[in-house]
Amino acid sequence: MTIKEIYKNMSYGPAPESASAANDFIDAHDKTFNLYIDGQWKEPSSGKYFDSTNPATKEKLANIAEANDADVDAAVAAAKKALPKWVEIGAHQRARYMYAIARQIQKHSRLFAVLEAMDNGKSIRETRDIDIPLVARHFYHHAGWAQLRDTELKDHKEIGVIGQIIPWNFPLLMMAWKIAPAIAMGNTVVLKPAEFTSLTALLFAEICDQIGLPKGVVNIVTGDGKTGAAIVNHADVQKIAFTGSTEVGKIIRRATAGSGKKLSLELGGKSPFIVFDDADLDSAVEGVVDAIWFNQGQVCCAGSRLLVQESVADKLYKKIRARMERLRVGNSLDKCIDIGAIVAPVQLKVIEDLVKQGVDEGATLWQPSWTCPKDGYFYPPSLFTDVSPSSTVAQVEIFGPVLVAMSFRTHKEAVKLANNTRYGLAASLWTENINLALDIAPQIKAGTVWINCTNVFDAASGFGGYRESGFGREGGKEGLYEYLKPKIEGKFSDKPLTNPNPKGSAKKEKTAKKSDKSNGAFSAIDRTTKMYIGGKQARPDGGYSTVIKGADGTAIGEVSTGNRKDIRNAVEVAQKSTSWQGKTGHSKAQVLYYLAENLAIRQDEFANRLVQMTQQSKSEALKEVDIAIDRIYTYAAHADKYDGNVHHTTHRNVTLAMPEPVGLIAIVCPDESPLLGFISTVIPAIAMGNNVVVIPSETAPFSATDFYQILDTSDVPCGTVNIVTGAKDELATVLAKHDNVDAIWYFGTKEGSKNIELLSADNMKRTWVNNGKYRDWTDKKQAEGTTFLQHATEIKNIWIPYGA
Ligand code: NDP
């Protein structure tokens, strides 16, 4: 064919990238890769290796070592040994090492890109232009954070040895997202790549060697799920950072419950891609390509649910089909392809089975007329229309190049459909009306919202989910806290500092009688306090009450014994009540100041109650009320000041990092410091716009029940604060299991903390437990401040592109 003819018909011709440098790297290791532990290559104790295969050709690339428990033990020991020195060398030296890593990644970027494409099956176009530049950027950005740690984050310190487990969809990028912030903050790591895609992590290990990174700071152990589990369960690992399926995320949540290990989970998604009727449809079509055919749709935040306004739906589907017809599937090293290979046969089967199920359930499947090459694990781009919102393909993460389309009529319906998922990772909005976009963005339950763009990432912006998409953020300043702990934690005690009933008279007695008939044997008791649900005093469903004894052992009152149904009622009311969240920071601050003012008016009464319930003197009790008022002022002040950032991302975007309320937080208060324990937890939660269901001190609940009147007289909307009294751990169990609770805070025993973490796994609610470590609630440093606000908020990053 002459050049003139080629220009004329513009027919496709492959543009293959050479694999020779990557093959040389593999050959230099005799096609066999060992474990990178303590700065050395070690053979696996079991002597076992597994195959790594190129999914685009089905050719075997290399043998990869399978690490067992003993190898994980050695890697953790190496990381533990390296830790003190890595901490000691200080922020600047750590920054220099990280800068050196970033430079080496840039220098070898082509090799990384080719190796990644061969190992994963994704296109060289993506690895070269997206994955590897983002990896280098992540190390540069975090070299900066390493330098600034001691000044910008001086109240925090490193956690210790971090276990990190990553998936196969962005092998090197996920590794960078994990390792860079961890070592920048002074931790050492043991990382396990996914079984299908270990090679670039092993090339990275060579780079660590080349730059002279101190031995043991980074350890790479390859293997399967068992290797991952060995890391998760290792006693000397202080934090687990995991990216992968929600199913394994839940296993890890349960496995680490009660261990005191910090946990961040970046899990699956079924992210909405919403197209409004005024959107630029041609741009939206290109957005769809990036949303669901990027990386073969094997992307946790893939825009896999297309929600399109009914009036433009058919027009958009037509354009998408035309675009799909021209997409090209093929070998990952061909620079001209759009879609590469699926990572492995097992994943291909998952996709095929789910697509079949979609067809069986009645959805209409459309695929291009051409067929995929047969020499690799390929799957064509696919579009489902006529999909019911509750069908399998609309709800389950397919993790393949399959787009599921539904239409909506009103904006309200779009939001409802978008949030009709157990996940909450990302969303993409398409409209030419910025007012509409910024109205919808906060209403979507997702950690990232892209406006007129999609799948854009940067090290300066946090990424992470809500609900079953996991918790914790990676990237941005918000992501650093995953690898730090507040220094003040070192001051916490193994025992409660103040005992509410120190003379041994705190025992409660169950009185098997209706609470409203409480006299006779308890004639000294004036009344039974009710619970507080939806702004009203509520009788307990079970009709039981509990006698509370004071510091001198005499009965001082009775409190309603709440049960499962009372919790259910409180959660239902709290979930429905939306007026508090809709208030401005200024309005919330005003209400909180008013609360403080009303508490001040009744300072004497609250102090007397404290004297009655605890061993405190009147002056100590007055001081506790004083601190409570001061604390309410603090959070009233924060209500309109704890705000977000505009991140310096590398794209032409304004990237807004906005702290949002978590939603409905269940708070299980400490037994000690009955007033301050209640105020210090409930007030920061509501200051950030959450609604709460609170279990007050079990042994000394009256400070909380007396507080109803203050809530009533201070314009706190009904349903914002709901209080259920009774057996703390029993009620906490119900809350931890409840699907409509978004987060649970627990201040109690070590066993109680474990129970909460274990039970919360079902809907992956966020947990904050004290692991049986106790704060001094009177100490501002221990019991007040931004740590409480961080737990009360989720950071949502909204990307708004600019430029004419
Ligand atoms: P997994 O969640 O199984 O794997 C993620 C990582 O965890 C891998 O390194 C894996 O090892 C490891 N692992 C597996 N089991 C355990 C365990 N019990 N304890 C500790 N670590 C473990 O994801 P898959 O790779 O199996 O993919 C399955 C599905 O998960 C996909 O179809 C997709 O829907 C979803 N997924 C979501 C991702 C996301 O980013 N949100 C990423 C990848 C998958 P090994 O590789 O050896 O199995």
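Just so we're clear, the structure is a prediction, and the values are computed from it rather than from any experiment. Computed from heavy atoms alone, side chains included, the values below leave out hydrogens, waters and symmetry copies. Counting starts at 1 for both ligands and their atoms, following the listed order.
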Participant: Is the shortest N/O to N/O distance between Phe399 and ligand 1 below 3.5 Å?
Facilitator: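 No - when backbone and side-chain N and O of Phe399 are compared with those of ligand 1, no distance drops under 3.5 Å.
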Participant: Quick one: do the Thr655 and Asn797 side chains pair a donor with an acceptor below 3.5 Å?
Facilitator: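 Thr655 vs Asn797: no donor-acceptor pair found between side chains.
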Participant: Can you tell me if Phe196 contacts ligand 1 (heavy atom of the residue under 4.0 Å from the ligand)?
Facilitator: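 Checking ligand 1 against Phe196, which is what was asked, there is no heavy-atom contact under 4.0 Å.
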Participant: Among Asn34, Asn63, Thr222, whose side chain to side chain donor-acceptor pair (under 3.5 Å) with Tyr49 holds?
Facilitator: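 Looking at Asn34, Asn63, Thr222, the match for Tyr49 under the side chain to side chain donor-acceptor pair (under 3.5 Å) is Asn34.
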Participant: When you measure from atom 40 (O) of ligand 1 to every protein heavy atom, which one gives the shortest distance, and what is it?
Facilitator: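 Minimum-distance protein heavy atom for atom 40 (O) of ligand 1 reads Cys300 CB, 3.2 Å.
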Participant: Any side-chain to backbone donor/acceptor pair from Asn54 onto Glu59? Under 3.5 Å, distance only.
Facilitator: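 It does not hold such a pair.
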Participant: I need the atoms of ligand 1 closer than 4.0 Å to a non-hydrogen atom of Thr243, numbered in the order shown.
Facilitator: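 In order of number, 5 (C), 40 (O).
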Participant: State the atoms of ligand 1, each with its element, that fall below the 4.0 Å cut-off from a heavy-atom position in Gly228.
Facilitator: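 Near Gly228, the atoms of ligand 1 are 19 (N), 20 (C), 21 (N).
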Participant: Is there a polar contact, in the sense of an N or O pair closer than 3.5 Å, between Val248 and ligand 1?
Facilitator: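 Between Val248 and ligand 1, no N or O pair is found under 3.5 Å apart.
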Participant: Does the protein come close to atom 4 (O) of ligand 1 - that is, does one of its heavy atoms sit below 4.0 Å from that atom?
Facilitator: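 Within 4.0 Å of atom 4 (O) of ligand 1, no protein heavy atoms are found.
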Participant: For ligand 1, is any non-hydrogen atom under 4.0 Å from Gln298's backbone (N, CA, C, O), its side chain (CB onward), both, or neither?
Facilitator: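 Looking at Gln298 and ligand 1, no heavy atom falls under 4.0 Å.
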Participant: Is a side-chain N or O of Asn219 found less than 3.5 angstrom from the main chain of Asp38, in a donor-acceptor match?
Facilitator: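 Pair found, side chain donor or acceptor close to backbone of Asp38.
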Participant: Under a plain distance cut-off of 3.5 Å, with no hydrogens placed, do Asn120 and Ser332 share a side-chain donor-acceptor pair?
Facilitator: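 Judged by distance alone, the side chains do not pair up.
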Participant: Counting each atom of ligand 1 from 1 as listed, which ones have a heavy atom of Glu195 under 4.0 Å away?
Facilitator: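 Near Glu195, the atoms of ligand 1 are 45 (P), 46 (O), 47 (O), 48 (O).
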Participant: Side chain, backbone, both or neither: which part of Val350 has a heavy atom under 4.0 Å from ligand 1?
Facilitator: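 Looking at Val350 and ligand 1, no heavy atom falls under 4.0 Å.
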Participant: Would a distance-only check, ignoring hydrogens and angles, find a side-chain to backbone donor-acceptor pair under 3.5 Å from Asn233 to Ala229?
Facilitator: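 Checked: pair present.
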Participant: Run Lys445 and Thr421 through side chain to side chain donor-acceptor pair (under 3.5 Å) and show every step you take.
Facilitator: CA-CA 9 Å; Lys445 282 272 179 198; Thr421 165; over 6 Å; no
Participant: Give the residue and atom name of whichever protein heavy atom lies nearest to atom 19 (N) of ligand 1, and the separation in Å to one decimal.
Facilitator: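 The closest one turns out to be Ala229 N, 3.5 Å.
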Participant: Looking at Pro181, is its backbone amide N or carbonyl O close enough to the side chain of Trp145 to form a donor-acceptor pair, meaning the two atoms are under 3.5 Å apart?
Facilitator: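 Here the side-chain-to-backbone pair does not exist.
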Participant: To the nearest 0.1 Å, how far is atom 24 (P) of ligand 1 from its closest protein heavy atom, and which atom is that?
Facilitator: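 The protein heavy atom lying closest is Trp168 NE1, 3.6 Å.
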Participant: Among Ser469, Ser245, Gly249, Gly470, which residue places a heavy atom closest to atom 23 (O) of ligand 1?
Facilitator: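 Nearest option to atom 23 (O) of ligand 1, by heavy atoms: Ser245.
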Participant: I'd like to know if the side chain of His141 reaches the main chain of Arg137, judged simply by a donor and an acceptor atom lying under 3.5 Å from each other, with no hydrogens or angles considered.
Facilitator: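 Here the side-chain-to-backbone pair does not exist.
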Participant: Could you check atom 34 (O) of ligand 1 against the protein and tell me its nearest heavy-atom contact, residue, atom and distance included?
Facilitator: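 Result for atom 34 (O) of ligand 1: Glu397 OE1, 3.0 Å.
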Participant: What residue and heavy atom of the protein are closest to atom 10 (C) of ligand 1, and at what distance?
Facilitator: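 In this structure, atom 10 (C) of ligand 1 has Lys192 NZ, 3.9 Å as its nearest protein heavy atom.
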Participant: Looking at Gln347, which atoms of ligand 1 are within less than 4.0 Å of one of its heavy atoms?
Facilitator: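 What qualifies from ligand 1 is 31 (C), 32 (O).
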Participant: Test Glu757 against every option in Arg253, Lys262, Lys250 by the salt bridge (charged side-chain N to carboxylate O under 4.0 Å, His left out) rule and name the one that passes.
Facilitator: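 Only match with Glu757 under salt bridge (charged side-chain N to carboxylate O under 4.0 Å, His left out): Arg253.
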Participant: Give me the residue, atom name and distance of the protein heavy atom closest to atom 12 (C) of ligand 1.
Facilitator: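 Ranking protein heavy atoms by distance from atom 12 (C) of ligand 1, first comes Ile165 CG2, 3.6 Å.
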Participant: Please identify which atoms of ligand 1 are closer than 4.0 Å to at least one heavy atom of Asn169.
Facilitator: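 In order of number, 40 (O), 42 (C).
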Participant: Determine whether a donor-acceptor pair (N or O, by modelled atom type, separation under 3.5 Å) exists between the side chain of Asp119 and the backbone of Thr200.
Facilitator: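 No, because the side chain of Asp119 does not come within donor-acceptor range (under 3.5 Å) of the backbone of Thr200.
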Participant: Are Ile166 and ligand 1 in contact, using a heavy-atom cut-off of under 4.0 Å?
Facilitator: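 Contact present.
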Participant: Which residue and atom name correspond to the protein heavy atom nearest atom 14 (C) of ligand 1, and how close is it?
Facilitator: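 So the nearest neighbour among protein heavy atoms is Gly225 CA, 3.6 Å.
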Participant: Between the main-chain N or O of Thr454 and the side-chain N or O of Asp290, is there a donor-acceptor pair closer than 3.5 Å?
Facilitator: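 Checking the backbone N and O of Thr454 against the side chain of Asp290, no donor-acceptor pair under 3.5 Å is found.
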Participant: At a 4.0 Å threshold, what atoms of ligand 1 neighbour a non-hydrogen atom of Leu267?
Facilitator: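 That gives atoms 41 (N) of ligand 1.
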Participant: What atoms of ligand 1 come within less than 4.0 Å of a heavy atom belonging to Pro167?
Facilitator: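 Every atom of ligand 1 under 4.0 Å from some heavy atom of Pro167: 42 (C), 43 (C).
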Participant: Has the side chain of Ser461 got a donor or acceptor atom that lies under 3.5 Å from a matching backbone atom of Asp458?
Facilitator: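 Flag not set: sc Ser461 to bb Asp458 has no pair under 3.5 Å.
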Participant: Under 4.0 Å from a heavy atom of Ala194: give me the atoms of ligand 1 that qualify, with their elements.
Facilitator: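 Per the distance check, 9 (O), 46 (O).
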Participant: If we check side chain to side chain contact (heavy atoms under 4.5 Å, CB included) with Met185, which of these qualifies: Ile159, Ile162, Leu480?
Facilitator: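 One option only clears the test, and that one is Leu480.
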